[in-house]
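A note on names: the letters A, B, ... follow the listed sequences, proteins ahead of strands, and every chain is numbered from 1. From a predicted model like this one, the values you see are computed outputs, not experimental measurements.
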2 protein chains.
Amino acid sequence: MPVTLRDVAQKAGVSAMTVSRVVNGSSGVDAETQRRVEEAILALHYIPNRLARSLVSQQTKTIGLIVPDVVNPFFAPVVRGAETTARKAGYRVLLCNSEGDLRLEREYIEDLVSHRVEGLLLAPAGDHSRLALLPLLKGGFPLVLLDRAVPETDCDIVISDNVAGAKKLTEHLIAVGHRRIAHFTDSDDVSTGRDRLEGYRQGLATSGIPASDDLIFPTTTDRMGGYRAAQLMLELDPLPTAIFTVNNMTALGAMQALRERGISVPEDIGLVCFDDVEHLAVLSPFLTVVDQPGETFGSLGAQLLFERISGKAGNRSRRIVLQADLIVRKSCCVNTGVPAR
Amino acid sequence: MPVTLRDVAQKAGVSAMTVSRVVNGSSGVDAETQRRVEEAILALHYIPNRLARSLVSQQTKTIGLIVPDVVNPFFAPVVRGAETTARKAGYRVLLCNSEGDLRLEREYIEDLVSHRVEGLLLAPAGDHSRLALLPLLKGGFPLVLLDRAVPETDCDIVISDNVAGAKKLTEHLIAVGHRRIAHFTDSDDVSTGRDRLEGYRQGLATSGIPASDDLIFPTTTDRMGGYRAAQLMLELDPLPTAIFTVNNMTALGAMQALRERGISVPEDIGLVCFDDVEHLAVLSPFLTVVDQPGETFGSLGAQLLFERISGKAGNRSRRIVLQADLIVRKSCCVNTGVPAR
DNA sequence: TTAGTGATTGTTAGCGTTACCATAACGCGA
DNA sequence: TCGCGTTATGGTAACGCTAACAATCACTAA
């Protein structure tokens, strides 16, 4: 059904090759011929078939990007950063949403490879993503990890210093007077979760506060996870005076649960988290957070990937650690300077 | 470099055709042969080349989705809805971000067509998208518009009743006592902007309030647009007692500008808008809005598209109008019942 | 004149896959 | 033993495109 090169060639009274030359702007086509061909292209609304083109040229000018959640205010700018950088390099991005699900992620990886993307940007679902990545790595497939590390998987990565960030956050809580701090953490399978938990522990340790497992609530990193963890936490007696959640969505969920119980932040309990919530920060600068530069993750990741693709990247794998900044707002430090209870 | 069907065939000691049969689960392959082939596939990490496959089968099992802004809390669920529905139908989605830019949009459309997507879901940048769409429509290409109509362009569409929604919002403002209401509107090129402006006018008209052009501020629908419009509006004397912005991002920008001037909402001025801001609604249920069901836009749109693709969709174009719901929160109705000033 | 030069265009093959038809091998009844 | 259907497998062409080479032509220098 769609118009092909041959259709154009026939209409213009030339060979397919000549049309191809015109389409690709190659030199060595007579001006008059070129005009006739261009006329035919316009008349027929011819659009080249990239499948065919890629098949012969062996390059698709496409990279894949898999994130656990496009909607998350942290990943959204990551996507944008990657896309912008890719565009500048003449590449397009195939975007996939793994929902943090290993099986879905695996499917998407296969899918992208089968689409012959020239490289892959991946914010992995967790440590077990390793199984899907190993064959890629073994085959020398250009791959850059974003945001999350995968143990024993040696490849380029853009990540932030989660331990330091979490430690900063914890120390801040302690500095404003909190001693009993709950932590909502991700499943043990995700490096960011582990690192932030470690930062939390270190933060407590430097102040000589014992870390109690009772205060650590493993959960999922979506809003529901925060909601559930908060409900569990609310059983505690005495209640913690502050919560440090592993990411932004979890904090929102916690917030929701607290509100439902009539517990207000920061009057009754402090709340801090990793990752900012962009739009929210504008409307009511409220949550104290450690903010990661999402857009930079995306653009740096894409840059690393393109270096890999073009073979400019040597054998050793590169590791970029970005700084995460503490943004102190109002969600943990009560006005009296001392937390309630 | 990548492994092909022939490599597998050679390894398994069979012809390419046999491997193809195994890969596609066709019958008529000896159990023992099948085992050998499967072994070879696994050993070689063979992944079929979808480019080649699509080239011969003439179907890519892929649809395109173009939105003006993935990051916008309204479009994010649209994307998710479309993707989920597509997945269920065995399709994948190529997601593109037009940034509301006509040229970029046009490029993406060409790109997607050249990728031979089987259909296109488009939230158009504006009326002028028409030029890019006409050739598609003429060629019978499956196309479904989302959220925004394009005049004189007859095709399937999922849209909400913007006039009614805007009217409701305006009437609500009037009901709580506002009479001098500013409206931040989109460029005249976008149907949603026009319709909401029309709703605003109708809302005023039913109460016999004259609509003054001085109160209407055309701007862009991002945060910066809202910010700038608010700055212009602040020159007005007397100040309006309420603002109705054309979408969520514009409201956030306005909010920002107001805060910077020390003007608080709703005490000093009321603020309402179209589209909710999901995460924000949880953390502090504040903005009074007309909420559109984003996910439904995406999934219904995808459904329409698949009916089109499979030819089940007759000749006439379908138009689905969704209801937009007024959610009354705190951003326009002051506690005293009377707006300031 | 005659090969030589350069500019323009065409021909052929192949990218990796599948549809379609051909072939081979086997068993089975007559 | 032959013929026939049945099952398993292979060969060939084609999808739309481009790389590489081949052909054609006008024209020029010797």
S.K.: Using a cut-off of strictly less than 4.0 Å, decide whether Ser15(A) has a side-chain nitrogen or oxygen near OP1 or OP2 of dT11(C).
M.R.: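 No, outside the criterion.
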S.K.: Whole-Å distance between dC17(D) P and Lys61(A) NZ?
M.R.: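 Spelled out: NZ on Lys61(A) to P on dC17(D) is 19 Å.
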S.K.: Test side-chain hydrogen bond (donor to acceptor under 3.5 Å, both in side chains) on Ser129(B) and Glu105(B) and set out the steps.
M.R.: CA-CA 8 Å; Ser129(B) 298; Glu105(B) 175 177 281; 2.5 Å; yes
S.K.: For Arg21(B) and dG10(D), give me the distance from atom CZ to atom P, rounded to whole Å.
M.R.: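 Rounded to whole Å, this separation is 8 Å.
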S.K.: Over how many whole Å does the gap from Arg6(B) atom CZ to dG10(D) atom P extend?
M.R.: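 Checked: the CZ to P distance equals 12 Å.
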S.K.: Side-chain N or O of Thr33(B) less than 4.0 angstrom from OP1 or OP2 on dA8(D)?
M.R.: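 Looking at the OP1 and OP2 atoms of dA8(D), neither is under 4.0 Å from any side-chain N or O of Thr33(B).
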S.K.: Calculate the interatomic distance between Leu5(A) atom CG and dT18(D) atom C1'; express it in whole Å.
M.R.: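 From Leu5(A) CG to dT18(D) C1': 9 Å.
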S.K.: Expected output is a numbered-order residue list: members of residues 35-60 of chain B with a heavy atom under 4.0 Å from any atom of DNA chain D. What is it?
M.R.: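 Leu55(B), Val56(B), Gln58(B), in order of number.
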S.K.: Determine, for Tyr108(B) and Arg87(A), whether the Lys NZ or Arg CZ falls below 6.0 Å from the six-membered ring centre while staying within 45 degrees of the axis.
M.R.: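 The answer is yes, since Arg87(A) meets both limits relative to Tyr108(B).
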S.K.: Can you list the steps and then say if Glu38(B) with Gln34(B) is a side-chain hydrogen bond (donor to acceptor under 3.5 Å, both in side chains)?
M.R.: CA-CA 6 Å; Glu38(B) 277 166 354; Gln34(B) 174 162 349; 3.1 Å; yes
S.K.: Does a side-chain N or O of Ser20(A) approach OP1 or OP2 of dT18(D) to a distance below 4.0 Å, or not?
M.R.: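 Yes, because at least one side-chain N or O of Ser20(A) sits under 4.0 Å from OP1 or OP2 of dT18(D).
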S.K.: Do the side chain of Arg318(B) and the main chain of Asp156(B) share a donor and acceptor less than 3.5 angstrom apart?
M.R.: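 Side chain of Arg318(B) to backbone of Asp156(B), a donor-acceptor pair under 3.5 Å: no, none is there.
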S.K.: To the nearest Å, give me how far apart NE2 (His115(A)) and P (dG16(C)) are.
M.R.: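 Going from His115(A) (NE2) to dG16(C) (P), I get 17 Å.
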S.K.: Let me know, please, whether Val14(B) or Arg116(B) comes out on the 5' side of the other along DNA chain D by nearest nucleotide.
M.R.: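 Result: Val14(B).
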S.K.: Would Phe297(A) and Phe75(A) count as a close aromatic pair, with their ring centres under 6.0 Å?
M.R.: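 Ring-ring flag for Phe297(A)/Phe75(A): false, centres at least 6.0 Å apart.
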S.K.: Between atom CE in Met17(A) and atom P in dT24(D), what is the gap in whole Å?
M.R.: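 Spelled out: CE on Met17(A) to P on dT24(D) is 18 Å.
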S.K.: Starting at atom CD of Gln34(B), determine the distance to atom P of dT7(D), rounded to an integer number of angstrom.
M.R.: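 Result: 16 Å.
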S.K.: Can you see if the side chain of Thr18(B) gets near the phosphate of dA8(D) - specifically, an N or O under 4.0 Å from OP1 or OP2?
M.R.: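 No, no such contact exists.
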S.K.: Mark yes or no for whether Arg92(B), through its side chain, and Thr62(B), through its backbone, hold a donor-acceptor pair below 3.5 Å.
M.R.: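 A pair under 3.5 Å: no.
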S.K.: Do Leu322(A) and Ile159(A) have side chains that get closer than 4.5 Å, going by heavy atoms?
M.R.: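 No - every pair of side-chain heavy atoms lies 4.5 Å or more apart.
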S.K.: Measuring from the side chain of Asn24(A) (C-beta onward, heavy atoms only), which nucleotide among dT18(C), dT17(C), dT18(D) has the closest atom?
M.R.: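 Closest nucleotide among those given: dT18(D).
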